[in-house]
Amino acid sequence: MQYNHQEIEKKWQEFWAQNQTFKALNSSDKPKYYVLDMFPYPSGAGLHVGHPLGYIASDIYARYKRHKGFNVLHPQGYDSFGLPAEQYAIQTGQHPAKTTEENIKTYRRQLDQIGFSFDWSREVRTSNPEYYKWTQWIFIQLFNSWYNNDSNKAEDISTLIAVFEKEGNLKVNAACDEDIISFNSEDWDSFSNTKKQEILLQYRLTFLSDTEVNWCPALGTVLANDEIVNGVSERGGHPVVRKKMTQWSMRISAYAQRLLDGLETIDWPQPLKDSQTNWIGRSEGAMVSFAVDGHEGEKIEVFTTRPDTIFGVSFMTLAPEHEIVSKITTDAQKAEVEAYVEATAKRSERDRMADVKTISGVFTGAFAIHPFSGEKVQIWIGDYVLASYGTGAVMAVPCGDQRDYDFAKHFGIPIPNIFENVDISEAAHSDKEGIVIANSDFLSGLKYKKASKLAIYELEKKGVGYGKINYRLRDAVFSRQRYWGEPFPVYYKEGIPQMIDAEHLPIELPEVEKYLPTEDGRPPLGNAEVWAWNTEKNEVVNNHLIDHKTVFPLELNTMPGWAGSSQYFNRYMDPRNENEIFSKENIDYWQQVDLYIGGSEHATGHLLYARFWQKFMFDRGLVPVDEFAKKLINQGMILGTSAFVFRVEGENKIVTSSKIEGLKTQPIHANVSFVNSSDELDIEAFKKWRPEFKDAEFITEEDGTFKVSREVEKMSKSKYNVVNPDDICEEYGADALRLFEMFLGPLEQSKPWKTSGISGVYSFLKKLWKLFYNGEELSISNDAPTKEELKTLHKTIKKVEEDIENFSFNTSVSTFMIAVNELTALKCNKREILEPLLVLISPYAPHIAEELWSKLGHKETISFATFPKFEEKHLVESTKVYPISFNGKMRFTLELSLDLSKDEIEQTVMAHEKTQAQLQGRTPKKVIIVPGKIVNIVG
RNA sequence: GCUCAAGUGGCGGAAUUGGUAGACGCGCUGGAUUCAAAAUCCAGUUUCUUCGGAAGUGUGGGUUCGAUUCCCACCUUGAGUACCA
């Protein structure tokens with residue numbers, strides 16, 4: 001019987017589905033293990049061979065853990081809200097739910113045909129109301145919480161109200177808005193309800209605020225910082241401008257320190273941790289306030305990481321947008337300052353970022369008073385100071401900061417040197433280690449650390465500053481002017497947002513005529529006719545019923561893409577629970593994700609927000625651990641191997657790659673499906689595909705073939721290098737695809753795909769099959785295995801087990817090949833060898849393993865068969881082939897008994913004729929012998 | 001600019017705590033089988049070579065009996081980040 005992958009794979013995929021083989025139970029005597037993939041966005045293009053790489057790796061691990069006796073949770077679902085479906089809806093008028101449903105069908109079919117062991121009974125879709133009900137529910141929990149910096153956790157808003165009622169907000173240490181007013185308990189009592197709500201909003205973990213946002217006119221929405229790349233939108237590359245809007249925000253900044261600390265407790269890739277660390281951007285320093293000369297009561301607050309250099313301040317720079325600018329500018333400077341402010345406002349953020357070389361700024365004419373020396377320092381404005389970071393003002397220390405130095409040089413401002421024996425005639429000295437402060441009153445003679453501490457102490461004593469830790473992490477804007485996202489469970493009463501009671505969730509997306517923003521610029525939900533909340537009937541009703549007494553308008557924004565993905569991993573633990581987000585029982589059993597596999601592009605988006613929500617849920621007692629994923633692996637990207645043909649410029653002539661030298665040619669992408677493994681192009685197919693070359697002249701090689709040139713690029717439709725897993729599964733099978741994807745190289749690395757290589761793993765599968773089948777007959781011996789056969793088996797068990805534990809899946813594929821090659825050479829068909837071998841291979845190539853397992857007479861699936869136990873005794877050798885080296889270079893090998901002593905080895909080796917030939921009469925200085933390893937003769 | 005990762009045959013890559021560099025596979029070459037092809041099987045395949053050997057893991061240096069592996073400097077590529085005070 002021949003190996004027929006199509007028949008076998010279909011058979012077992014149906015078997016697994018019918019028997020619900022991979023359905024995970026929420027309790028078990030076995031230890032639990034939770035393996036998760038970052039769930040996909042179901043795009044219209046379907047999967048290409050790069051997408052399943054991580055899924056294959058996690059599936060191998062999940063299957064391995066089942067063999068090892070674990071109760072494995074391995075779910076899958078869809079991140080099904082998102083921009084592409086909505087863009088498609090705008091273009092075609094099709095409801096995004098419809099296209100999303102179709103895309104999911106394609107995804108599911110493609111995933112099923114690769115043979116993943118997912119528990120599909122737990123599937124979630126972020127766009128399903130049964131799912132986003134809980135996304136809305138968490139939003140309400142965040143709204144009803146504040147962050148207490150004293151207890152260092154989120155608490156219910158009622159505890160804050162209790163404090164306000166008792167003693168006002170004077171002693172409250174909370175993460176909150178900057179511009180809060182101070183009040184005592186009597187003040188609080190006297191406030192109107194609206195006023196109270198406005199104040200509470202400044203403390204809530206999700207809050208409304210007028211923020212400068214990144215507005216993308218082309219997409220008609222606001223974008224988060226991590227959705228912008230190089231000043232343009234990540235999706236589509238559209239320009240982004242700053243705009244003030246009322247938006248929901250998440251007070252993630254409250255968790256900055258804990259998000260940083262948590263990184264040390266989780267086994268995540270270092271580069272990913274580094275980028276989160278950078279994104280959070282912790283810096284230690286001091287706040288210093290400078291009085292303004294002649295402006296009683298006006299102060300300029302600055303943040304500095306170098307309080308030790310405070311005596312090096314020779315001027316100050318404010319962001320042009322800084323609110324004090326207009327107050328302090330002198331009449332003489334007014335015109336110039338105003339012109340500069342106006343000019344900067346016109347420049348886009350992108351312009352300002354791109355242009356870091358040009359130095360510009362204007363003197364305000366005002367002077368600040370140095371807090372220690374009392375000297376007057378000039379106050380300038382300059383666009384190198386960003387309004388959005390720190391206080392929007394800096395104390396400039398030109399000798400210690402290159403930007404300040406350049407600014408000072410450019411405008412002829414003095415550059416006092418406050419470092420001992422440091423030359424600052426050419427550049428600033430920004431290195432803080434190993435220098436001694438000079439010309440600095442009480443700080444002179446001290447080094448960075450001590451000087452900083454002392455400076456802060458003195459600032460605090462004088463009441464003009466204090467030590468402070470600053471974070472770059474901004475609160476995350478949570479509103480999107482989009483249709484295809486979670487609606488907020490929010491209505492507005494007298495302009496104050498009100499939460500809808502959790503029992504009435506989900507608030508489902510309304511139907512709209514058009515998916516575009518309204519003509520007056522409101523978000524797409526502004527088009528909905530039935531989008532008002534009746535507080536008596538507790539239901540969504542028609543807008544014309546709005547009376548602001550019992551019927552109120554609903555929120556028009558929707559939530560961003562990361563809302564649905566910030567808690568899905570917990571929901572999988574209890575996905576059909578209608579009464580709770582998950583039961584306590586289930587979350588206590590599954591705890592957290594043990595292994596999470598996905599792309600590194602989510603470093604500062606999904607993975608940061610999800611950690612934030614998890615910590616919040618931990619604070620509120622909803623989850624037992626404050627990090628959701630113990631271990632995380634970033635799989636590398638699979639790149640495409642593009643094919644190019646060359647057209648002679650100005651002529652309709654296409655030249656084979658070896659003959660382009662000396663010609664002026666343009667490369668043209670050819671579809672990789674027209675190119676064979678020897679890089680030869682099917683010219684007729686190419687002509688048919690690109691009719692404009694129908695009559696082109698093709699200059700071929702001497703032998704009549706036409707060769708393309710190859711280049712590795714990202715796999716993408718526009719480069720015609722996409723390989724579809726459907727085609728691979730059809731021709732070679734899912735088992736071959738799985739083995740080949742792993743065989744390409746280490747999981748974390750990027751590597752190019754070349755379909756021609758798959759024949760290696762395919763013939764491996766055929767060889768494996770032939771160990772069982774002698775021609776048409778299944779031929780299995782029950783004889784006892786030989787020593788050699790046992791050695792091959794146990795060597796393989798050891799290596800494969802080590803490899804899987806180390807996520808080194810590429811090397812186990814080689815190990816399987818070696819094992820099958822050796823067993824073929826030994827003509828081994830012994831049950832005692834082949835049975836455990838099948839279990840080893842089963843995580844990688846589950847279909848063929850199941851088929852042969854059943855042919856061996858098993859009635860049950862192989863999925864839970866015990867992983868074979870490695871026994872050292874089968875690998876014990878009596879001799880060793882020693883490499884004999886001369887000065888570290890191996891020259892020949894010699895088989896010697898392992899019983900020999902060092903002296904005996906030396907004697908035997910030295911007596912050998914090849915040793916003498918190597919030495920050519922010289923006497924060795926030294927002979928190094930490591931028994932069982934190596935002999936090295938020196939001299 | 002800064003941070004991180006990586007440089008090994010024609011290609012993807014392997015090499016446990018420093019101990020036989022190039023496992024395994026692709027491709028290529030030759031052969032067997034075949035009317036022929038596919039498939040399969042066998043042999044070879046880092047480079048140079050006077051066929052004895054010699055050199056060789058981005059470059060240069062160092063530590064060591066011995067370095068792809070450890071240290072220093074540099075070069076290249078990729079990723080992230082970017083006036084963050």
Side-chain angles (χ1 to χ4, degrees), chain A residues 2 229-230 269-275 277-279 281-283 285 302-306 309 317 352-357 359 382-386 388-397 400-404 406-407 430 470-472 600-601 603-604 634 636-637 641 677-679 710 712 739-740 743-746 748-761 763-764 766-767 770 798-799 802 806 808 810-818 821 881-893 917-918 924-930 932-939:
Chain A
Q2 292 269 311
V229 177
N230 296 329
Q270 196 56 45
L272 198 160
K273 288 188 186 181
D274 289 346
S275 62
T277 305
N278 291 337
W279 195 262
R282 180 188 205 268
S283 48
V302 299
F303 175 73
T304 176
T305 54
R306 295 293 303 273
T309 63
T317 316
R352 271 173 78 170
M353 287 205 316
D355 179 19
V356 295
K357 294 249 164 62
I359 295 165
D383 69 0
Y384 80 99
V385 176
L386 304 177
S388 57
Y389 183 75
T391 61
V394 300
M395 57 174 229
V397 182
D401 182 287
Q402 194 56 43
R403 289 157 309 173
D404 296 344
D406 294 340
F407 196 87
S430 54
N470 218 32
Y471 299 92
R472 199 173 65 118
S600 55
E601 66 274 22
T604 52
N634 288 132
M637 215 192 317
T641 310
S677 57
S678 308
D679 295 345
R710 295 284 203 167
V712 172
L739 283 168
F740 187 52
F743 189 60
L744 284 176
E748 296 92 331
Q749 253 172 52
S750 295
K751 53 244 160 181
W753 174 277
K754 262 174 101 177
T755 302
S756 58
I758 203 169
S759 63
V761 293
S763 54
F764 156 76
K766 286 190 282 190
K767 280 187 211 164
K770 279 189 192 156
K798 183 168 190 264
K799 177 81 173 125
E802 279 170 7
N806 293 320
S808 172
N810 53 327
T811 49
S812 6
V813 180
S814 311
T815 307
F816 293 138
M817 290 174 171
I818 293 167
N821 287 347
V881 179
Y882 277 91
I884 312 298
S885 308
F886 293 80
N887 299 317
K889 282 258 167 222
M890 202 282 287
R891 292 308 176 208
F892 62 93
T893 57
Q918 277 293 330
K925 285 189 200 135
K926 213 177 188 179
V927 180
I928 310 278
I929 292 165
V930 185
K933 285 245 160 112
I934 197 180
V935 177
N936 189 18
I937 297 163
V938 186

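Values in this document were obtained by computation on a predicted structure and should not be read as measured data.
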Original post:
Mapping A:Met395 and A:Ile934 to their closest nucleotides on RNA chain B, which lands nearer the 5' end?
Top reply: A:Ile934
Original post:
Which word best sums up how the rings of A:Phe764 and A:Phe816 line up, parallel for under 30°, tilted for 30 to 60°, or perpendicular for over 60°?
Top reply: parallel
Original post:
Taking the side chain of A:Leu386 as its heavy atoms from C-beta onward, which of B:A85, B:A39, B:C65 lies nearest to it?
Top reply: B:A85
Subject >> Side chain of A:Leu744 - closest among B:C24, B:A85, B:G12 >> reply: B:G12
**OP:** Describe the nucleic acid contact of A:Thr893 in one word from base, sugar-phosphate, nothing, applying a heavy-atom distance below 4.0 Å.
**Re:** base
Subject >> Closest listed nucleotide, where the reference is the side chain of A:Asn936 and the choices are B:G66, B:U20, B:C84 >> reply: B:G66
Subject >> Phosphate OP1/OP2 of B:U40: any A:Lys766 side-chain N/O under 4.0 Å >> reply: yes
Original post:
Where the side chain of A:Arg472 is concerned, which of B:C24, B:A21, B:A82 is the nearest nucleotide?
Top reply: B:A82
Original post:
Roughly how many Å is it from NZ in A:Lys799 to P in B:C24, rounded to a whole number?
Top reply: 13 Å
Original post:
So what does A:Thr317 hit on the nucleic acid, given a heavy-atom distance under 4.0 Å: a base, only sugar-phosphate, or nothing?
Top reply: nothing
Original post:
If you look at every strand shown and take non-hydrogen atoms under 4.0 Å, does A:Lys273 touch a base, only sugar-phosphate, or nothing?
Top reply: nothing
Subject >> Sugar-phosphate, base or nothing in reach of A:Gln749, heavy atoms under 4.0 Å >> reply: sugar-phosphate
Original post:
Checking all strands, does A:Arg282 fall into the base, sugar-phosphate, or nothing category for heavy-atom contacts under 4.0 angstrom?
Top reply: nothing
**OP:** Look at all strands and tell whether A:Ser763 reaches a base, only sugar-phosphate, or nothing, counting heavy atoms closer than 4.0 Å.
**Re:** sugar-phosphate
Original post:
Do A:Asn810 and A:Val813 touch side chain to side chain, with heavy atoms closer than 4.5 Å?
Top reply: no
Subject >> Sugar-phosphate, base or nothing in reach of A:Ser283, heavy atoms under 4.0 Å >> reply: sugar-phosphate
Original post:
Among the nucleotides B:G13, B:C11, B:G56, which one has an atom lying closest to any side-chain atom of A:Lys889?
Top reply: B:G56
Subject >> Secondary-structure notation, RNA chain B, from Watson-Crick and G-U pairs under 3.5 angstrom (| other strand) >> reply: (((((((..(((......[....)))((((((.......))))))(((....)))..(((((..]....))))))))))))....
